[in-house]
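Lettering of chains follows the sequences in order, A, B, ..., and the numbering in each one begins at 1.
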There are 2 protein chains.
Amino acid sequence: MPAPEMEIVHLLRAVAVELGLHSARFASRNGMHPTDVRALITLMDARRAGEEMTAGRLGAALGLNSAGTTALVDRLERAGHVRRVRGEGDRRKVLVEVDERAVALGQAYFGPLIDRSVELLRGYDERELAAVRSFLRGVRDAAGREGE
Amino acid sequence: MPAPEMEIVHLLRAVAVELGLHSARFASRNGMHPTDVRALITLMDARRAGEEMTAGRLGAALGLNSAGTTALVDRLERAGHVRRVRGEGDRRKVLVEVDERAVALGQAYFGPLIDRSVELLRGYDERELAAVRSFLRGVRDAAGREGE
DNA sequence: CCTATTATCTCGTTGAGCGAGATACACGCT
DNA sequence: AGCGTGTATCTCGCTCAACGAGATAATAGG
């Protein structure tokens with residue numbers, strides 16, 4: 001018989017799959033591709049962290065080469081989700097800024113899921129929250145470290 | 001200031017991203033595409049559950065149409081990861097069976113991460129495990145339900 | 001300034017996945 | 001048995017995301 005911990009491992013995998021499908025639904029409903037959604041999420045993360053995002057850094061974050069990055073930003077710009085802004089200091093750079101409406105669109109779609117997650121977490125005490133937190137940190141670090 | 005629960009929400013998202021990247025690394029190291037890896041995982045899940053997997057069901061599970069499914073199975077078969085077996089009862093069906101070596105390959109790659117996760121979980125008591133389990137179930141169900 | 005380096009874009013190509021339709025088998029129905 | 005309807009897979013032609021190679025433009029160092 002398998003270790004009882006395996007149930008949680010499979011649950012975690014199922015969550016990852018569901019979250020992926022959730023993004024994919026958002027993508028296809030808005031005429032976008034999974035990569036475009038990942039790009040918008042990356043851009044919003046950077047914005048929340050108060051960092052500027054250049055075309056190159058965006059492409060690197062998504063594992064695209066320069067040609068693919070240009071095509072991606074073209075696509076997002078054509079759809080009105082981002083703007084290209086030439087770098088102030090270094091005029092070779094192209095800063096990619098998310099449009100407010102894209103942010104609102106994302107919040108409208110992902111908001112309910114986030115709210116529900118927060119609501120679930122409010123049902124736990126400090127020790128239980130610490131367990132969830134440290135398990136997720138552990139898996140994230142293990143997945144990030146394995147194979148470089 | 002943001003709710004403290006948001007840290008865990010972002011952690012969960014980070015885990016999903018890392019697991020995705022982990023699969024992607026496995027894919028590119030073995031000359032495969034993300035879809036091929038998802039297909040193999042689906043096939044192994046079915047095998048563990050003792051179910052037969054037809055070409056059609058596999059394609060449906062991955063959201064591919066019939067043409068894409070044929071191409072996918074062609075690709076996997078050419079690489080020696082699966083075999084096509086004509087259905088016994090219904091000769092229109094094509095059962096897709098994973099090759100033992102593909103199973104071994106997957107276990108060699110994902111095994112350490114799974115082992116590490118189980119090891120992490122062994123550090124918690126029953127109440128903490130229950131918290132992790134119910135949180136993951138809750139998020140999985142919420143992500144699955146949102147937008148159909 | 002002249003050269004090396006860095007950031008982005010252009011061009012031509014590959015290949016995953018799609019839509020439409022062909023093919024092959026299964027299961028009634030009479 | 002013979003025929004039509006439904007179902008499973010495959011073939012063909014196409015689109016478009018992403019790649020490799022190389023062009024273009026701006027910065028940084030000697």
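Computed from coordinates, the Asp90(A) CG to dT8(C) C1' distance equals 11 Å when rounded to whole Å. In this structure, His33(B) places its NE2 atom 8 Å from P of dG17(C), rounding to the nearest Å. Nucleotide dT6(C) holds its C1' atom 15 Å from the CG atom of Leu95(A), rounded to whole Å. In this entry the distance linking CG of Asp36(B) with P of dG15(C) reads 13 Å, nearest Å. dA7(C) atom C1' lies 15 Å from atom CE of Met53(A), rounded to whole Å. In this structure, the NZ atom of Lys93(B) is 13 Å from the C1' atom of dG6(D), given to the nearest Å. In this structure, the CZ atom of Arg91(B) is 13 Å from the C1' atom of dA8(D), given to the nearest Å. Nucleotide dA26(D) holds its P atom 15 Å from the CD atom of Glu88(A), rounded to whole Å.
The pair Asp99(A)-Arg101(A) counts as a salt bridge, with a side-chain nitrogen and a carboxylate oxygen less than 4.0 angstrom apart. Ionic pairing of Glu119(A) and Arg116(A) is present here: one or more N-O contacts between side-chain nitrogen and carboxylate oxygen are shorter than 4.0 angstrom.
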| query | side chain to side chain contact (heavy atoms under 4.5 Å, CB included) between Val15(B) and Arg137(A): does it pass, once the steps are laid out? | reply | CA-CA 8 Å; Val15(B) 169; Arg137(A) 278 213 193 98; over 6 Å; no
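Mapping Gly56(B) and Arg86(A) onto DNA chain D by nearest heavy atom places Gly56(B) at the nucleotide closer to the 5' end.
Counting any heavy atom pair closer than 4.0 Å across all strands shown, Arg57(B) reaches no nucleic acid atom. At the heavy-atom level, Gly59(B) lies nowhere under 4.0 Å from the strands shown.
For the pair His10(B)/Glu5(B), no side-chain contact is recorded, criterion being any heavy-atom separation below 4.5 Å from C-beta on.
Sorted by residue number, the members of residues 64-78 of chain B with any non-hydrogen atom under 4.0 Å from DNA chain D read Ser66(B), Ala67(B), Thr70(B).
In this structure, CD in Glu100(B) is found 14.0 Å from NE2 in His81(B), a value given to the nearest 0.5 Å.
For the OP1/OP2 pair of dG6(D) and a distance below 4.0 Å, the side-chain nitrogens and oxygens of Arg92(B) include no atom meeting the criterion.
Smallest separation of non-hydrogen atoms from Arg38(B) and Leu62(B): NH2-O, 3.5 Å.
Arg84(B) places no side-chain N or O within donor-acceptor distance of the main-chain N or O of Val94(B), the cut-off being under 3.5 Å.
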